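The structure under discussion appears below in the form of structure tokens.
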Amino acid sequence: MDAERRQTLEETTRWDPGAIEQRVFQRWIEGGWFHPPAEGTPAQNYSIAIPPPNVTGALHMGHALNGSIQDALIRLNRMRGRNTLWILGTDHAGIATQAVVEKQLASQGTSREELGRERFTERVWEWKEQYGSTIVEQYQRLGASCDYERERFTLDEDYVRAVYKVFVDLYEKGYIYRDNYMVNWDPGLRSAISDLELENREVTDTLYEIAYPLESGGELVVATVRPETMLADTAVAVDPNDERYRDVVGEHAILPLLERPIPVIADEHVDPEFGTGALKITPGHDPNDFEIGRRHGLEEIVVIGEDGRLIPPAPDRFVGVTTAEAQKAVVEELRDKGLLRGEEPYTHSVPFSHRSGERIEPLISLQWFCRMYELAKPAVKAVKEGRVRITPDGALRQYLHGMENIPPWTLSRQLWWGHRLPVWYRGDETYVGEEPPGGDGWEQDPDVLDTWFSSALWPFATLGWPDTNTPEFKAFFPTDVLVTARDIISLWVARMIMTSLEFTEQVPFEDVYVHSVIQAPDGRRMSKSLGTGIDPLDEIDEHGADALRFGLLAMTSTQDVRFSQARVQQGRDLANKMWNASRLVLMEARDDVEPGPRSGRVEDRWIASRLQRAVRSVSESIEEYDFSHAALDLYEFFWSELCDWYLEIVKPRLYDGDEDASATLLWALEQVLALAHPIMPFVTEEIYSYLPSPSAEALVIHPFPELDEGLIDQSAEGEIGQAIALTRALRRWRQLAGIPVKQVLAARTDDGRPHELVSRLAKVEFSEDGGEPIASVAGVELLETEGIDPEAVAARIEERREKLRGEVKRGEGKLSNEGFVAKAPADVVDAEREKLAAYRAELEELGG
RNA sequence: GGGCGGUUAGCUCAGUUGGGAGAGCACUUCGUUUACACCGAAGAGGUCGCCGGUUCGAGCCCGGCACCGCCCACCA
């Protein structure tokens, strides 16, 4: 170590991540370690495709957890020597991106309509070039070891080719079709949107009861919150088993205001308990009515346009007004005619557009769909056969549940930003193909595909598919694991499995790990609009990326969890502890020794053994996707066993230049840095650069520690374990007796062992002779010493005796229970007998 | 309405096939011993949501109840 580095080490008493993290990251990039060669086979290699963040996005806490998990897996496997690729890319995010750019245009006093489609699309691309890398840079701050040289985008030329091929193939196989269907229409965006983009809100409307006269006389009273849609009514429905209406089914009612006869039909959907038990049917403007209409072959009349205003065939007096105005006018007319039979407030949940905030208008429109039922079958089979394993079980059940009765997927979106449908029309002709058709007069469909359509191809389209001969595809597909949150299992995970099986005949990944959703500390959803968001970049600025990574991993669980600042601080404290413990070792250890475990002294064998157990538990936890235990076990080993006990035990030897102590410590440090690296890459890499004789160029490619069974030493663990227990008992007694920290106590023990460690750690001096015993603690007699409060000591002893009497009583009770002795396993009973004997012996020693 | 999960220390969460309840933070006391006060030592704190059952023995298994989340489908 040169003098300057040594000085830095001596002076820097706190781990200060700020500048160091950026420098360390730069070194990783320059080393090329995140950019693997496209060699080897998928079975040998390890790969993960990142869930592509929206190109408009900013890193939020969900990304931070998702990225921390994947990076831990990627780093672990890279250190294990596997050729490892973390596929990076962004999603064009049709609606979100278009909205951002439109907002920008609005502030410049223009609009997309004014620019026209071509110039608008150019503007979005410009925006993407300028701002699209923001979130990628933010992943770097987290330390994510993605391959930044192979970044992909869902609108890359090659990617578009994959999307078109899939669309055309599915069309030719008969899965994709065009139809009139009811969609969620967003009048603000003027586009159909998917169910995912909805948000249900509680709304209080008025429930109106309206009389529909019957042709034969009498009337049917229906209940509705949307009287204006009666202008498109084509039937009235009742429950088939409803006695009240048995006679009128098959008759006609006269639709008020329009004076048009409509049939009275019977349908199971109608709930006879609700309202009057009669339901007006508007197939053109209500999803349920649409289904009923299709079942009964009813006409689908549309009176609400794409802008949310009424259109013909609504009567002229309503055309052009908003639905709210139309409702008011319709109610007035009904009231005048004496047909309004009741109105009362009614609270129900209503879908709103997540994007524009407007109330969804269910509309019938001509859209492209994909039938999912057949595609879902093999995807269910693959999971049931274990070719794709979904962890945890709850997520597996959710996947299977979502695959039952999977509805057709609305593919088309009335947007400009995205993959334009590979569909052309000329008159009544329709052409579907990857290239435009020959001949004049063809016009391409103006719609674009749902963003999830391209996302569904992510794991293979990013590797070059449909060309299955690219080096990347051959080396890295199928990928190993997909890491995501619960909310997009059906929307994304299931669709990737379906498309992959259909087009590559392989599963896209072998494992799916579904992690927690991080909620705000108060249990609400973390969101910008609620003001409950916590910015991961703020946490990184304040505590460092390692701290955030540790905290998030320690927090995560099989259920959703509340964000815990304390866990991030625990991570920060651990990074600092690592830095300082390493300073001690690096400053004091001899650098002329060969690092390695030494077996001459029991404490050296002990730490080597305990390290093996930490290696085992941390490795197994990560392999089982149990990141919380991995993080906390690492913490426990480093803080408690390595620092609190081993370092304190070997300090004198270290200062004396003991060779074994230096060798063991340097070895243990290198091992534990490697063990911690997948979770806390920055601080471990930085410390690694100070090691006198590192075995690799950088920690990021240092071999991950492997369990060495030969170093597990039961007897050393027993011996040091006892010394620790005795030390703690003595310290406890000292504190209780009010003995000053520095006061050395005279003591005597009859087990013949020197207890050198205990002597130093508990500040007692063992001798063969000496004064009168004043107390006995765990087999050690403490002798009279100046400055001890005899009453406190007596109280302490009595407290212990009392406890022992209780234990003895409990043990005796248990062992005299015939049921226990007869039915409990033998080892449980034996353990109980041993405990009882030990308690009796100690009680005896303390005078009964 | 259907499905999944939760209820354990003041807070956030662990708790292996049933065999004496744990961590971090917060709290109390002591401590500036040549890595670290983002530190060290010690301590206090829990009828494991409620009721019943199975068992020699239940935080864990079974039944019921009460709250709280999430997902899907939504009665106009």
Side-chain angles (χ1 to χ4, degrees), chain A residues 9-10 13-15 195 200 207-208 222-226 229 237 269-271 273-276 278-282 286-289 346 348-349 351 392-398 400-402 404-405 407 486-487 489-490 517 519 521 523 525 543 547 551 554-567 569-588 628-629 632 635-636 643-644 647-648 651 655 727-728 731-736 738 740-742 761-763 807 810-811 814 817-825 827-829 831-832 835:
Chain A
L9 204 56
E10 278 171 9
T13 60
R14 270 196 194 186
W15 168 244
D195 293 345
N200 287 310
L207 183 65
Y208 297 95
V222 302
T224 180
V225 292
R226 300 203 59 194
T229 64
H269 171 79
V270 180
D271 176 5
E273 305 292 319
F274 188 91
T276 59
L279 175 64
K280 69 191 261 318
I281 303 298
T282 320
D286 181 277
N288 292 304
D289 293 7
Y346 181 69
H348 58 152
S349 70
D393 278 353
L396 168 64
R397 282 188 282 272
Q398 192 182 323
L400 293 173
H401 188 250
E404 293 166 15
N405 302 320
R486 188 168 301 118
D487 50 353
I489 290 176
S490 304
V517 171
Q519 300 168 333
R525 191 165 266 287
H543 303 301
M555 259 177 252
T556 193
S557 161
T558 55
Q559 58 170 321
D560 293 349
V561 290
R562 299 178 181 201
F563 183 76
S564 164
Q565 188 92 49
R567 285 293 186 203
Q569 278 162 14
Q570 189 182 355
R572 176 203 61 186
D573 293 348
L574 179 59
N576 188 57
K577 192 77 170 175
M578 283 181 173
W579 174 251
N580 279 297
S582 302
R583 283 176 62 227
L584 171 69
V585 175
L586 293 166
M587 290 188 301
E588 302 298 338
S628 176
H629 282 110
L632 295 174
Y635 179 94
E636 166 69 16
C643 292
D644 288 347
L647 280 181
E648 293 308 322
K651 256 183 198 174
Y655 294 137
T727 299
R728 298 196 61 177
R731 283 173 175 170
R732 195 164 151 223
W733 184 87
R734 289 178 63 106
Q735 182 121 348
L736 199 88
V741 172
K742 285 182 169 173
L761 296 171
K763 286 269 190 296
E807 296 292 353
R810 193 194 63 82
K814 203 162 186 179
N817 179 337
E818 285 172 25
F820 175 72
V821 179
K823 296 184 183 179
D827 55 335
V828 173
V829 178
E832 200 59 43
K835 270 192 287 186

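All figures in this text were calculated on a predicted structure; none of them were measured in a lab. Basis for what follows: all heavy atoms, side chains included, without hydrogens, waters or symmetry-related copies.
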Which value, in whole Å, describes the distance between the [atom1] atoms of nucleotides [N] and [M]?
N	M	atom1	result
B:rC48	B:rG59	C1'	5 Å
B:rG46	B:rA14	C1'	15 Å
B:rC36	B:rA41	P	15 Å
B:rU47	B:rA21	C1'	13 Å
B:rU16	B:rU7	P	12 Å
B:rU12	B:rA76	P	36 Å
B:rG20	B:rU34	C1'	44 Å
B:rG15	B:rC74	C1'	39 Å

Paired with [N] by Watson-Crick or G-U wobble geometry, both distances under 3.5 Å: which nucleotide is it?
N	value
B:rU32	none
B:rG63	B:rC51
B:rC25	B:rG10
B:rG69	B:rC4
B:rG46	none

Round to a whole Å and report the spacing from [atom1] of [X] to [atom2] of [N].
X	N	atom1	atom2	answer
A:Lys823	B:rG18	NZ	P	17 Å
A:Glu636	B:rA23	CD	P	9 Å
A:His401	B:rC72	NE2	P	11 Å
A:Glu588	B:rU34	CD	C1'	8 Å
A:Glu818	B:rC56	CD	P	12 Å

Need one value for [X]: base, sugar-phosphate or nothing, where a base atom within 4.0 Å counts as base even if backbone is also close, heavy atoms only.
X	value
A:Leu632	nothing
A:Val561	sugar-phosphate
A:Ser557	sugar-phosphate
A:His629	sugar-phosphate
A:Lys280	nothing

Review item, nucleotides 37-41 of chain B N/O atoms under 3.5 Å of protein N/O:
{"unit_1": "B:rC38", "atom_1": "OP1", "unit_2": "A:Arg14", "atom_2": "NH2", "d": "2.2"}
{"unit_1": "B:rC38", "atom_1": "O4'", "unit_2": "A:Asp573", "atom_2": "OD1", "d": "3.4"}
{"unit_1": "B:rC38", "atom_1": "O2'", "unit_2": "A:Asn576", "atom_2": "ND2", "d": "2.7"}
{"unit_1": "B:rC38", "atom_1": "O2", "unit_2": "A:Arg572", "atom_2": "NE", "d": "3.2"}
{"unit_1": "B:rC38", "atom_1": "O2", "unit_2": "A:Asp573", "atom_2": "OD1", "d": "3.4"}
{"unit_1": "B:rC38", "atom_1": "N4", "unit_2": "A:Arg14", "atom_2": "NH1", "d": "3.0"}
{"unit_1": "B:rC39", "atom_1": "O3'", "unit_2": "A:Lys577", "atom_2": "NZ", "d": "3.0"}
{"unit_1": "B:rG40", "atom_1": "OP1", "unit_2": "A:Lys577", "atom_2": "NZ", "d": "3.0"}
{"unit_1": "B:rG40", "atom_1": "OP1", "unit_2": "A:Trp639", "atom_2": "NE1", "d": "2.4"}
{"unit_1": "B:rG40", "atom_1": "OP1", "unit_2": "A:Asp644", "atom_2": "OD1", "d": "3.4"}
{"unit_1": "B:rA41", "atom_1": "O3'", "unit_2": "A:Arg731", "atom_2": "NH1", "d": "3.4"}

In Å and rounded to the nearest 0.5 Å, what is the [atom1] to [atom2] distance from [X] to [Y]?
X	Y	atom1	atom2	answer
A:Arg14	A:Trp579	CZ	CH2	14.0 Å
A:Trp15	A:Leu574	CH2	CG	12.0 Å
A:Met555	A:Asp560	CE	CG	13.5 Å
A:His401	A:Ser490	NE2	OG	9.5 Å
A:Leu400	A:Ile489	CG	CD1	10.0 Å
A:Lys742	A:Lys763	NZ	NZ	9.0 Å

Review point. Do other residues, nucleotides or ligands put more than 12 heavy atoms under 6.0 Å from the CZ atom of A:Arg728?
Key: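 No - once you tally the heavy atoms of other residues, nucleotides and ligands closer than 6.0 Å, there are 12 at most.
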Point to revise | Contact summary for A:Arg583 and A:Leu9, nearest pair of heavy atoms | key: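 Minimum heavy-atom contact is NE-O, 2.8 Å.
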Check your understanding: For A:Cys643 and A:Lys577, which heavy atoms make the closest approach, and how far apart are they?
Key ->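 Closest pair (atom of A:Cys643, atom of A:Lys577, distance): CB-CE, 3.8 Å.
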Point to revise | Residue met sooner reading RNA chain B from 5', once A:Leu736 and A:Cys643 are mapped to nucleotides | key: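 Between the two, 5'-proximity favours A:Cys643.
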Review point. Which comes earlier along RNA chain B counting from the 5' end, the contact point of A:Thr727 or that of A:Gly811, where each point is its nearest nucleotide?
Key: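 It is A:Gly811 whose nearest nucleotide is closer to the 5' end.
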Are any of the side-chain heavy atoms of [X] and [Y] separated by less than 4.5 Å?
X	Y	value
A:Glu832	A:Arg810	yes
A:Lys280	A:Arg226	no
A:Leu647	A:Val585	yes

Taking the minimum atom-to-atom distance to the side chain of [X], which one of [options] wins?
X	options	value
A:Lys835	B:rA42, B:rG20, B:rC36	B:rG20
A:Gln570	B:rG5, B:rG24, B:rG20	B:rG24
A:Pro825	B:rU55, B:rG2, B:rG19	B:rG19
A:Arg525	B:rA14, B:rC4, B:rC71	B:rC71
A:Ala824	B:rC56, B:rA76, B:rA14	B:rC56
A:Ser564	B:rU12, B:rA76, B:rG19	B:rU12
A:Ala566	B:rG20, B:rC25, B:rG19	B:rC25
A:Gln559	B:rU12, B:rG6, B:rA76	B:rG6
A:Asp271	B:rG19, B:rC13, B:rA76	B:rA76
A:Lys742	B:rG3, B:rC70, B:rU33	B:rU33

Can you give me the N/O atom pairs linking the protein to nucleotides 57-59 of chain B at distances under 3.5 Å, or say none if there are none?
none

Does a side-chain N or O of [X] approach OP1 or OP2 of [N] to a distance below 4.0 Å, or not?
X	N	value
A:Tyr346	B:rA76	yes
A:Arg397	B:rG5	yes
A:Arg734	B:rG31	no

Practice item. Kindly determine whether A:Gln570 and A:Arg567 satisfy side chain to side chain donor-acceptor pair (under 3.5 Å), including the steps that lead there. Key: CA-CA 5 Å; A:Gln570 189 182 355; A:Arg567 285 293 186 203; 2.7 Å; yes
Review point. Do A:Arg810 side-chain and B:rG20 base share a donor-acceptor contact under 3.5 Å?
Key: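 Result: at least one qualifying N/O pair found.
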